[in-house]
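Numbers restart at 1 for each chain; the letters A, B, ... are given by sequence-line order, proteins then strands.
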Amino acid sequence: MLKNTLKVQRAIKDITQDQLAKQLGVSRQTVNSIEKSRYVPSTLLALKLSAYFRVTVNELFELEEDD
Amino acid sequence: MKTDKLTKWSNMQLPNPFKKVGYGIAIICLGLVVGQQIVGIFPEWARFLLSTMLLLGLLMVSLSKEKIEDEFIISLRSRSYQFAFIFGLGYTLILLPLVNYIADLIQGSAYSPVKNDYFDVLLLMILVQLVFFNKLKRCHC
């Protein structure tokens, strides 16, 4: 699974999972699952996240050593 | 062109309000099926119609979109269909004959092959899909 900095980025922007989900047009479960590395988002959603937080996809997601 | 049509059909879903309609149909039919088992007043064709309507109601629930239908929900849904399909096959091909064989062994009667009723198998598969899908959704809350 991918490691991600979604929680950190969310904290910087000071928004809740629910607010982020609404901004991206997805469910809160989706945001929660991505944050907990239980779900790897599609390229489209990863790009939406990257555009929303104004960071690169590589800053948001990182491969684990065993990947 | 053919691929486009196939993709369109494979993504076929009903709007969210159909979920309540499906549950309504399924509950009414289930009530009547259970009532029929106790009272036994309906003719054969009515029992067949009720069973079919029950399955169609549950299918409607299964095909209805969630309030927010995103890629994560789609992935959970496809996992639940996969699980239900494997469970249905496992039940029909392994579990049912095995239970039948053990029952015959205990009763001391000769082995009799099981006659699979498609209604039982389809009902089991669709219920497994719905339960597993809801369980997966709750796991990721």
Between B/I74 and B/F132, is there a shared hydrophobic cluster once you connect ILVMFWY residues whose side-chain heavy atoms come closer than 4.5 Å?
no
Name the atoms and distances for all side-chain donor-acceptor pairs under 3.5 Å in residues 50-60 of chain B, with sequence neighbours left out.
from  : atom 1 : to    : atom 2 : distance (Å)
B/S51 : OG     : B/R47 : O      : 2.8
B/T52 : OG1    : B/F48 : O      : 2.8

Without swapping roles, check the side chain of B/N134 against the backbone of B/L130 for a donor-acceptor pair under 3.5 Å.
yes
Report, by ascending residue number, the residues of residues 15-27 of chain A in heavy-atom contact with chain B at a distance under 4.5 Å; give 'none' if the set is empty.
A/G25, A/V26, A/S27
Name all pairs fulfilling the ring pair (Phe, Tyr, Trp, His ring centres under 6.0 Å) condition that reach into residues 52-73 of chain B, sequence neighbours left out, sorted by first residue then second.
A/Y39-B/F72, B/F72-B/H140
B/Q129 side chain vs B/F83 backbone, donor-acceptor pair below 3.5 Å
no
Residue pairs fulfilling side chain to side chain donor-acceptor pair (under 3.5 Å) with at least one residue in residues 12-24 of chain B, sequence neighbours excluded:
B/Q13-B/E69, B/K19-B/E66
